[in-house]
Every structure is written in C-alpha cells, then in structure tokens.
Visitor: 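Input: one structure, supplied below.
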Amino acid sequence: MTYLVDTHCHLNHDEFNQVSETVGRAEGEGVSYVVVPGWDIRSSERAVELSEMFERLYAAVGIHPHEASKADSVSLQRVESLSKHKKVVAIGEIGLDYHYNFSPPEIQRNIFEAQIEIAKTVGLPVSIHNRESDADLMAILERQATGSWSLPRRFSYQINPQPRGVLHSFNSNYDIARRAIALGFYLGISGMITFGKKDTETELQKVVRAIQPEHLLAETDAPYLAPVPHRGKTNEPAYVPIIVRKIAELQGLNEEDIRRTTSYNAYKLFGVGEAPPPKIAYQIKDSLYLNLTLRCDSDCIFCDRKGEAMVKGHNLHIEREPSAQELIAEIDDPTRYKEVVFCGYGEPTTRLEVVKEVARFVKGRSGRTRLDTDGHGNVINHRDILPELRGIIDAVSVSLNSIDPVEYKRLMGDQNGNGWHAMVDFAKEATKYIPEVYMSVVGVPGLDVDAAKEFVENEIGAKFRYRPEF
Ligand code: SF4
Ligand SMILES: [Zn+2]
C-alpha cells in the first residue's frame, strides 16, 4: 500500500507532549509524512524545531487569522525568515475566520495578503484557513492569482493550473471548490468528511463525491476534528486512513487509489514524499491499464501527456514503449482484474500489433479486454482495423469530446479537420464488431451533455459515458 501524508497536523500543539509516540502510531498506520503548520510565531518556531527532530516531519510557518491583530511588521519578517528553513514547505496556516472574528476582518485580510506576498517571494505554497469568509477569501485569491504568483516549477504543467496552495479542512460549497481548483488550489479533506447522519449526505460529502481525487489532499487538523468513531476525542495523524477510506467510499474508488493520488498531490504541492516511478501497467479500482505509448495523432487541449502524464497518482511518463512480452509479464493472470484496458497517455492504436498480441493472450486466459481510443485507428493504420479486433476486444471506449465537428477540431488540436468524421465512422463501425461500444465526453465548459448523450445513443447506437472536468 502507498504511504500516506497528513498534510495538516498541529503536532506543535501542547496536546502532543509525546510527539515521538504519536509519530510512531502514525507510522504504524502507514502515515509516513506529516506537515505541521504554525498559527503564531511561537508555534511556527516549534513546528520548525519538530521538523529538525523528525526526518519525516515538515513545517509550515504563518500567522492564523485569530492571531492577526497581534501581528506586526516584526512578526511578518520572522515568518519570512523562518520560511527559508529547508524543512519549511508552506506558509500557513493563514487566512480568514469570520466565525469567531477574534481579529477585526480588515486586519485579518491585511495580514493574510501580507503572508501571500511572503509566499510569493520565497516560492512556497500557502495553507489556508477559511471559516465563513468564502466571498472575501475568493476575492483575494482571484485577485492575487492574476498577478505573478507561481511556484518554482518542479514539474511541467501543460494543463492543470500551477498549484498554489490548499484550502485546508475544506468545508465550503461546490462553487467555491471549483473556483479554488481553477486557481490551482487543492482541497484539504479532514475528519469532517466522516461527520453527519447515516442516510443523508452532507454538503461536504456531496462536494467530495463530485471532485476528482487529483484535487484532494488528506489531513487530520489534529488535535481538532477527530473523525468518527473518535469524534470529540483528541485527533492524531494515525487517523488519516479513516479519512482516506471515506473519500474512497464517496468516490467509488479503492482505498489504494485515494492513498496513491492524495500522496502524489502532497508531493506535487509540498515536495513531501516520494516521486512515483513510471509504469507500463497500472491498476485503478479493479482494472489493469496498459500504458502502451505516449504518442498520439491528436493534441487535446485538456490532455497532459506532454506535461506530467500522471493519472490518479500513477506516473505514465515512460521513456520507452513496452513490448508485448513485457506487458504480458505484467498482466500475469488476467482473471485477477475486471478488465485489461489498452490505453496509454497516448493513442493505443498507434501500436496495433502489440494491442492484438496482448489481447489474444488475455482472451486465451479467460480475461476481458477494453480499448480506450480517440477513434482514429483506421486513419493511423491506413486500413479498417475493426475486423482485426473482432473476438479479441470485448469493449471499445471512444473519446467523442464534442458532437460539433468545429468544436471537436478545437478541442482535439485536429490539424486537418477530418478527425471528427473518422472518429464517428469508427464508432459506428465498431458496433458491428465489438460487443460493447462506449463514447465518452469530458465536462468542459459549454458542453451540452444531454445532446451528446442523445447523439451517442441514437445516432451511433453506443453507450454514453460522462467524465466531469474537475
Ligand atoms: S486523444 Fe487522448 S492521448 Fe491523445 S491528445 Fe487527446 S487526450 Fe491526449
Ligand atoms: Zn489547523
């Protein structure tokens, strides 16, 4: 199982007087890394001190909105000097809290923005506290993000916005979630996700169900907000798996999928943890995906194959395309999986012979096969390839993306403009040879989902699949 990261845990709180025991229990549960944020100067210094004592503890330094009225230029300078310590990975926790209003809102906003400026100067992400202050918070973030707010480029980001920080212990609505993600913020999911009644979903649970795990981080916010069944008691980093399991349940994914994805997110944002090695075969839920190639005849505006090429915490950035024998060795026994999927962060029909050879192996061992394609296989191979797939491919999933050829051309970066017709003909033809044909769309702005569904079902005779943008 993949290690976990507690991305927000106050081990610098007086509640934790036996930090090594708490850290030991966390490690026993697979929580290998912890980010410890400060809330004032003293607690920030303590966070740095702890990070020096424990190899896998990291610190965030900053002044919480509750403490804003006590802050002055000297304390802000101290935040900046502490932030240069090598184990400091964020400025936090900073933000706004209009619930308690322990500091006047105007002072909170000033201190918050002053610390965003520090984060920009030193090139660190921010860890943000937000309580009943959605409107002002988003106004500040949206204004700040239009300027030159970028972090050092640890990775190349083709499509996803540069990460800038996390809205820790997220508890706002879907609209705020979407806007924050668009600005490059992650949502920190705490034990609050486990609160609520058994049969009615809370607003937060609905949000987490609707957001792709690529935008989520796991955190405890210990010693506060202990998850059920420890609610009301002292929280600790050993409880991160409870939160991760709840996220997995809401997302309909395996616990391991959420472990891998959230831990990678923590690595991407804070540089905490380990870089995942490239894979030629990878599991998501119960299916095994084969990473055949990074080559593609399309150049979709939402595709990240030339960027990070990460999918749910799996690194698809292969240096060399795998052979059929290497893929067969990875599959071993195909009946262990619901299906073996030919994909890649590229177009698998560019490697048609390998697809056929491996598919024959899977079918020979009573497995099930699926081909995920942009539907340009006939153009790429200069012939009708569908008869060759008959009997060895059980399902084909074609990226429809748009029912409008002009919009398709724009989305797919389709140079000659024939891609849409080639794709539609391929899907229609596929229904004659392949038992199950799906067509999928990604929920980009302006997409008419109902019209796409009607087109797929009535014009093509295929099944419709929808994937949200975020
Ligand atoms: S078809 Fe798929 S692999 Fe090719 S550019 Fe589009 S999203 Fe990327
Ligand atoms: Zn906190």
Side-chain angles (χ1 to χ4, degrees), residues 6-13 15-16 34-40 43-44 47 59-67 90-97 100 126-131 158-160 166-171 188-192 217 219-226 235 237 289 291-311 316-318 341-351 371-377 379-380 397-402 408-415 419-420 422-423 426 439-442 444 467 469:
D6 188 346
T7 56
H8 192 109
C9 172
H10 299 288
L11 288 175
N12 46 352
H13 194 283
E15 194 78 41
F16 295 111
V34 181
V35 177
V36 182
W39 56 88
D40 59 8
S43 59
S44 296
V61 295
I63 298 163
H64 191 282
H66 288 344
E67 308 292 327
I91 300 296
E93 60 181 282
I94 61 175
L96 303 175
D97 191 317
Y100 289 109
V126 287
S127 182
I128 295 177
H129 173 102
N130 165 35
R131 190 153 181 203
Q158 272 278 110
I159 298 305
N160 299 324
V166 53
L167 300 196
H168 116 79
S169 197
F170 184 84
N171 194 25
I189 306 304
S190 70
M192 269 197 283
L217 292 172
E219 63 166 70
T220 57
D221 201 14
Y224 317 105
L225 297 174
N235 197 3
Y289 293 78
N291 182 15
L292 286 141
T293 182
L294 282 171
R295 286 182 291 147
C296 186
D297 64 313
S298 302
D299 195 7
C300 300
I301 58 171
F302 47 75
C303 179
D304 202 25
R305 81 192 151 89
K306 293 180 194 160
E308 294 183 87
M310 293 292 300
V311 173
L316 306 197
H317 227 297
I318 42 173
V341 184
F342 295 92
C343 62
Y345 224 132
E347 172 49 38
T349 59
T350 53
R351 304 201 67 212
L371 171 69
D372 283 2
T373 174
D374 69 359
H376 298 166
V379 180
I380 293 166
S397 179
V398 182
S399 313
L400 168 64
N401 291 324
S402 177
Y408 181 88
K409 193 171 170 213
R410 186 185 73 85
L411 289 173
M412 303 288 284
D414 179 10
Q415 297 307 329
W420 189 85
M423 174 271 300
F426 182 87
M439 295 191 90
S440 63
V441 293
V442 177
V444 292
R467 191 157 64 79
E469 187 191 15

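Counting starts at 1 for both ligands and their atoms, in listed order.
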Visitor: Can you see whether H13 engages Y224 through a side-chain donor-acceptor pair at a distance of less than 3.5 angstrom?
Guide: yes

Visitor: If the cut-off is 4.0 Å to any non-hydrogen atom of S298, which atoms of ligand 1 fall inside it?
Guide: 5 (S)

Visitor: Can you tell me the protein heavy atom closest to atom 4 (Fe) of ligand 1 and the distance?
Guide: C296 SG, 2.3 Å

Visitor: Assess, by modelled atom type and distance only, whether the side chains of E347 and T373 contain a donor and an acceptor separated by less than 3.5 Å.
Guide: yes

Visitor: Can H8 and E93 be counted as having a side-chain donor-acceptor contact under 3.5 angstrom?
Guide: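 Yes, a side-chain donor-acceptor pair sits under 3.5 Å.
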
Visitor: Would you check whether S399 reaches within less than 4.0 Å of ligand 1, judged by its heavy atoms?
Guide: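 Heavy atoms of S399 never come under 4.0 Å of ligand 1.
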
Visitor: Among all protein heavy atoms in this structure, tell me which lies nearest to atom 8 (Fe) of ligand 1, with the distance rounded to 0.1 Å.
Guide: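 Of every protein heavy atom, C303 SG, 2.3 Å lies nearest to atom 8 (Fe) of ligand 1.
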
Visitor: Does C9 reach the side chain of E219, with side-chain heavy atoms less than 4.5 Å apart?
Guide: no

Visitor: State which residue, out of V441, L411, V442, fulfils the side chain to side chain contact (heavy atoms under 4.5 Å, CB included) condition with S402.
Guide: L411

Visitor: Give the atoms of ligand 1, by number and element, whose distance to some non-hydrogen atom of D374 is under 4.0 Å.
Guide: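 Those qualifying, in numeric order: 1 (S).
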
Visitor: Just to confirm my output: which protein heavy-atom neighbour is closest to atom 6 (Fe) of ligand 1, and how far is it?
Guide: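 Going by distance alone, atom 6 (Fe) of ligand 1 is nearest to C300 SG, 2.3 Å.
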
Visitor: Strictly inside 4.0 angstrom of atom 2 (Fe) of ligand 1, do you find any protein heavy atom?
Guide: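 Not a single protein heavy atom is under 4.0 Å away.
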
Visitor: Going by distance alone, is a donor N or O of one side chain under 3.5 Å from an acceptor N or O of the other, for D221 and S190?
Guide: no

